[in-house]
Protein chains: 2
Amino acid sequence: MPSSTVENYLKQILLITLEREEKVVPMGLISESLDVTPGTATSMAKNLEKEGWLCYEPRRGVSLKPAGRKLGLNILRRHRLLETFLVETLGLDWSEIHEEAEELEHAISEKVLERLDDFLGRPRHDPHGHPIPTKGGVMQRKKSRSLVGCKEGLSVVIESIDDQERNFLKFARSRHLLPGKKIKILSREEEADAMEIRVEGKMPFSIGFEAARKILVSV
Amino acid sequence: MPSSTVENYLKQILLITLEREEKVVPMGLISESLDVTPGTATSMAKNLEKEGWLCYEPRRGVSLKPAGRKLGLNILRRHRLLETFLVETLGLDWSEIHEEAEELEHAISEKVLERLDDFLGRPRHDPHGHPIPTKGGVMQRKKSRSLVGCKEGLSVVIESIDDQERNFLKFARSRHLLPGKKIKILSREEEADAMEIRVEGKMPFSIGFEAARKILVSV
DNA sequence: GTTTTCATTTTGAGTGTTCAAAATATAGGG
DNA sequence: CCCTATATTTTGAACACTCAAAATGAAAAC
Ligand SMILES: [Mn+2]
Ligand SMILES: [Mn+2]
Ligand SMILES: [Mn+2]
Ligand SMILES: [Mn+2]
């Protein structure tokens, strides 16, 4: 049975792989996102290779093998179903569920997970708008782009919020920047690194490019 | 933050302390119930002492200090609330919840636990009939005796089932030996190590002393 | 009061994960 | 083509937990 350390590594490597759309993940990104020193990531990569989860190519990075990809997707499923449970059933705030799910994902069994899935009505997205992989390990690919790249006058729908940082999530909710909400880009000032937007039925406000980058939308 | 190993040790030591009504717990009982070698239990005891959870007296055993007792009670609360959730909300069978709770108890945060407690309506007993300690660390003392010691003709109410073994729990449920059920001792054959009983409204059947010992009742 | 038995402790070692700091490789800029 | 900045790897050590097997202590049996 893989340890929770192994599960965290594989889930994170999977996320980076998907985000970059690039099979090979350099060690630096891994050590940074898991908050371990680079040497630790390297030595873990060798262990993970020995156990058959991935391929490790020195000075290039790692690439998931089918087993590693499958386990990564499974942990992602657990994580996102648990987040959904914490918000939908227990009423926690979406800014505090990530850390909770980060622990619970390693303790919940397959059996309990499936019961939870039934109980929740087999949701397809977590509270942040991220797709929940199926039991079979299929996750729908989203072809959404970031709000930061949207032109003036465009109307878009929020797909997901791509940041787990508490304060950003609190800000987003306070501005009604939630998955499913419709927003219009009123103006865009390249030099100011900011744009003015309006969430449907709300007051317009401006948002910096840095923040807008974390909001994924579909046209 | 105490590791899940520490949590398991303290919870188990607390349970043995309560069961034996004896402050000092010999190492043999610890190593057996946690399924580790005696040497492991001894070395762990020294660590736990160094961290202030308990007192270790060589060749006598360990006794919980207030901090250890408090953490033990807290883990017990988590365990039993989770068991209740698994049965009441997710519909798992009471024979399979112990192992699940054994893992989840280390991953659930205080905040999520309290939400769960609310959600469940602040239950006072888990599915096996065991009392759930309060947030403040108070657990109601049960003065129940075992079915095995009950005399012929007596009518009693089942308080709890004191065994986590799957097959025994399945048997118990199949015979309606559940917390709250009223049973009458029809006869008792000392030499046969067995007694005949009837659960209210059901057919009489006989049960060995070994099994009857695991059923706690109140008169 | 010695011997036997049993519980417990000690010893030495191994696993998985981690870090700090030194060593090394590689890619680009000069 | 060399040099330097940056990413990565290596090295050596530590921590928490575990086991097997040998040593020891204390209680029970004789
Ligand atoms: Mn995690
Ligand atoms: Mn999420
Ligand atoms: Mn446990
Ligand atoms: Mn129970």
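Numbers restart at 1 for each chain; the letters A, B, ... are given by sequence-line order, proteins then strands. Only this structure's heavy atoms are used, side chains among them; waters, hydrogens and symmetry mates stay out.
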Could you list all the salt bridge (Lys or Arg N to Asp or Glu O under 4.0 Å) pairs where at least one residue sits in residues 207-219 of chain A, not counting sequence neighbours?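 Non-adjacent pairs meeting salt bridge (Lys or Arg N to Asp or Glu O under 4.0 Å): A:Asp163-A:Lys214, A:Glu210-A:Arg213.
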Can B:Lys11 and B:Glu102 be counted as an ion pair, charged N to O under 4.0 angstrom?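 Salt bridge between B:Lys11 and B:Glu102, a charged N being under 4.0 Å from a carboxylate O: yes.
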Check each of A:Arg124, A:Arg122, A:Lys135 against A:Asp117 using the salt bridge (charged side-chain N to carboxylate O under 4.0 Å, His left out) test, and report the only one that passes.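 The single option meeting the salt bridge (charged side-chain N to carboxylate O under 4.0 Å, His left out) with A:Asp117 is A:Arg122.
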Do you know the tightest heavy-atom contact between B:Phe209 and B:Arg188?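 What the structure gives for the nearest pair is CZ-NH2, 3.7 Å.
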Is it the case that over 12 heavy atoms from other parts of the model lie below 6.0 angstrom from the NZ atom of B:Lys111?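 For B:Lys111, atom NZ is not crowded (no more than 12 foreign heavy atoms under 6.0 Å).
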Base contacts versus sugar-phosphate-only contacts with protein, heavy atoms under 4.0 Å: please encode nucleotides 5-21 of chain C as B, S and - from 5' to 3'. --BBBB------SBBS-
Nearest-Å distance for atom pair CD1/P, residues A:Ile30 and D:dT9: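 Computing the A:Ile30:CD1 to D:dT9:P distance gives 10 Å.
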